[in-house]
Protein chains: 2
Amino acid sequence: MNTRAALQHAERLCKQRQARLTPQRRRVLQLVIEADKPIGAYELLEQMRDGERRPAPPTVYRALDFLLEQGLIHRIESLHAFIGCAHAGTRHTSQFLVCTDCGQVEEVCTADLGKTLQQEVQRSGFLPSRPVIELLGLCQDCNKRTY
Amino acid sequence: MNTRAALQHAERLCKQRQARLTPQRRRVLQLVIEADKPIGAYELLEQMRDGERRPAPPTVYRALDFLLEQGLIHRIESLHAFIGCAHAGTRHTSQFLVCTDCGQVEEVCTADLGKTLQQEVQRSGFLPSRPVIELLGLCQDCNKRTY
DNA sequence: AAGGTGTTGTTACTTTATAACACCCGGGTC
DNA sequence: GACCCGGGTGTTATAAAGTAACAACACCTT
Ligand SMILES: [Zn+2]
Ligand SMILES: [Zn+2]
Ligand SMILES: [Zn+2]
Ligand SMILES: [Zn+2]
C-alpha cells in the first residue's frame, strides 16, 4: 500500500470512529509511513524541523500516542521506534521480524501463533491485553549476503 | 529455586564456560534474583549504594551485559528492566507474562510456540537470533481481584 | 457571552543508556 | 625483576528516550 492510499485509509477510519486526525497527527503518520522502516521519535522531530525551530518532544509523542490508540502505527519495543501498521483497521495480533543488519521490519500475522498463545494463557489464568512479539535476526536478503 | 541455589548454579555454569563471574557481577546477579520481579538498572544502582557513594551507571550496565551474555538474566524490553532466568544453562526460548497491575512477571516456555515461530520464519527466509515475546496483561491474582 | 473539552506550544525535567579515558590487576614472556 | 597485554573496574561526561505541568488557543454547546 502506498503512502497516499494509507493516509486516505487512515482518514476514513478516523472519520468512522469520530477520532480527529488533525493536520499535525496526519503529518506524523505520513512521516512514519514514508520512512518505511522503524523511526524514532527524535528522528521524527528532526524531520518536522522548520528552519531553526524544531518542535518539542511532547508534540510528536502526543501524535504518536494518538496513532497508537487508533491502531495506525505500532511501537517496536526492542528498537524504541515506530512503524506504520500494515493492517490498519483490522483486529490483528501481529509479530515483527526485525533485521538487526539492515533495519528492515516486516509485520506478519500468524494465526496459529495467536491460538497457541491463547491456550498457554488460558492454562495459566493470565489475561493478556497487549502482546509484544518481535523476532530479531537477519532478513532473507541480509542472510543471503552473509554467504 | 532459591537465591543461594541459583547463585551456585550460576557459578558452576561460568566455571564450565571459563567465564568470570566476578564478585561485582555476582552481586548484581544476586540483586536481580532477590528482587524476584523485573528490576531496572538504576534501581540496582540504588541498591548498590554504599553510604554516600553510588556506583556510576556503566558499572551496573557492564555487569548486566555479562549476565545477559551468559543467559543468567533476561531483559524485559517493554519494561526496560531485568529479571533472573528461570532456566539458566538450558537452551530455551521463553515468553514472559507481564502483569501490568502488580508488576509480576512469569517466564514460561511453550514448545509449540517455538515450533510455530520456526515454521513462520522458515517460510519467509528470516533467520532469527533473539526472540522478544512478552505478553502484557493481568496475572491470575490481579484478574480475580478485578471482579 | 460563558463555559467546557480537546489540541497545541513551551519549559523544564526524569529516566535510561553509552562513549571515552584512566587505572589496576593478573598472567605470560623475555 | 621488567615488560607487555588483556580484561575488569572507576569516573566523567554526554546521548537518547520519554514525561509533567502549565499556558494558550480553537471549537462547540449552552
Ligand atoms: Zn498492524
Ligand atoms: Zn536485513
Ligand atoms: Zn530464561
Ligand atoms: Zn498481577
Side-chain angles (χ1 to χ4, degrees), chain A residues 10-11 14-15 17-29 31-32 35 38-70 72-83 100 103 132 134 136, chain B residues 10-11 14-15 17-29 31-32 35 38-70 72-83 100 103 132 134 136:
Chain A
E11 273 171 5
C14 288
K15 201 161 194 175
R17 299 167 181 169
Q18 304 196 345
R20 296 178 53 192
L21 185 62
T22 63
Q24 181 128 246
R25 290 166 173 173
R26 196 189 128 102
R27 187 177 173 208
V28 172
L29 177 57
L31 289 173
V32 171
I39 184 170
Y42 280 71
E43 210 175 333
L44 285 168
L45 281 172
E46 278 310 315
Q47 300 204 8
M48 293 168 79
R49 175 182 290 285
D50 181 16
E52 295 289 301
R53 280 276 179 281
R54 193 194 71 169
T59 299
V60 75
Y61 278 106
R62 287 194 281 230
L64 290 169
D65 284 346
F66 172 84
L67 298 172
L68 285 170
E69 278 168 16
Q70 297 300 320
L72 299 172
I73 63 174
H74 293 289
R75 181 185 155 84
I76 309 294
E77 295 291 342
S78 55
L79 298 179
H80 297 186
F82 303 85
I83 191 172
T100 52
V132 173
E134 303 167 9
L136 280 57
Chain B
E11 273 171 6
C14 288
K15 201 161 194 175
R17 300 169 181 168
Q18 305 196 342
R20 297 176 52 190
L21 185 62
T22 62
Q24 180 130 243
R25 290 165 173 175
R26 197 190 128 101
R27 188 178 173 206
V28 171
L29 177 57
L31 289 172
V32 171
I39 184 170
Y42 281 74
E43 211 175 331
L44 284 168
L45 281 171
E46 278 310 316
Q47 300 204 7
M48 293 168 79
R49 175 182 292 283
D50 179 17
E52 295 289 302
R53 280 277 180 282
R54 192 194 71 169
T59 299
V60 75
Y61 277 106
R62 288 194 280 230
L64 290 169
D65 285 346
F66 172 85
L67 298 171
L68 285 170
E69 277 167 18
Q70 297 300 322
L72 299 172
I73 63 173
H74 292 289
R75 181 185 154 85
I76 309 294
E77 295 291 341
S78 55
L79 298 179
H80 295 190
F82 304 85
I83 189 171
T100 52
V132 174
E134 303 167 9
L136 281 57

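Note on naming: letters A, B, ... go to the chains in the order of the sequence lines (proteins, then strands), and numbering restarts at 1 for each one. Any value given below was found using the heavy atoms of this structure, including those in side chains, with hydrogens, waters and symmetry copies removed.
- Distances from the side chain of A:P57 to the nucleotides D:dG8, D:dT19, D:dT12 place D:dT19 closest.
- Within the 4.0 Å cut-off from OP1 or OP2 of D:dT9, at least one side-chain nitrogen or oxygen of B:R25 is found.
- Contact between the side-chain N/O atoms of A:R20 and the OP1/OP2 oxygens of D:dC28 is not found at any separation under 4.0 Å.
- Look at CZ on A:F66: it is 14 Å from C1' on C:dT8, rounded to the nearest Å.
- Residue A:T22 places at least one side-chain N or O closer than 4.0 Å to OP1 or OP2 of C:dT8.
- Note on A:R75: only backbone sugar-phosphate atoms sit closer than 4.0 angstrom, heavy atoms only; bases stay farther off.
- Within 4.0 Å of B:R26, counting heavy atoms only, lies no atom of the nucleic acid at all.
- Neither OP1 nor OP2 of D:dT19 sits under 4.0 Å from any side-chain N or O of A:R62.
- Using bins of under 30°, 30° to 60° and over 60° for the plane-to-plane angle, the ring pair A:Y42/A:Y61 lands in the perpendicular bin.
- Side-chain contact between A:Q47 and A:I39 is present, with at least one heavy-atom pair separated by less than 4.5 Å.
- D:dT9 atom P lies 12 Å from atom CZ of B:R27, rounded to whole Å.
- In this structure, the nucleotide among D:dT12, D:dG18, D:dT19 sitting nearest to the side chain of A:H80 is D:dG18.
- In this structure, B:L68 atom CG and C:dT18 atom P are separated by 11 Å, rounded to whole Å.
- In this pair, B:Y61 does not lay its aromatic ring on the base of C:dT18; centres under 5.5 Å and planes under 30 degrees do not both hold.
- One N or O donor and one acceptor, one from the side chain of A:Y42 and one from the base of D:dA17, sit under 3.5 Å apart.
- Distances from the side chain of A:P58 to the nucleotides C:dT18, D:dT19, D:dG18 place D:dT19 closest.
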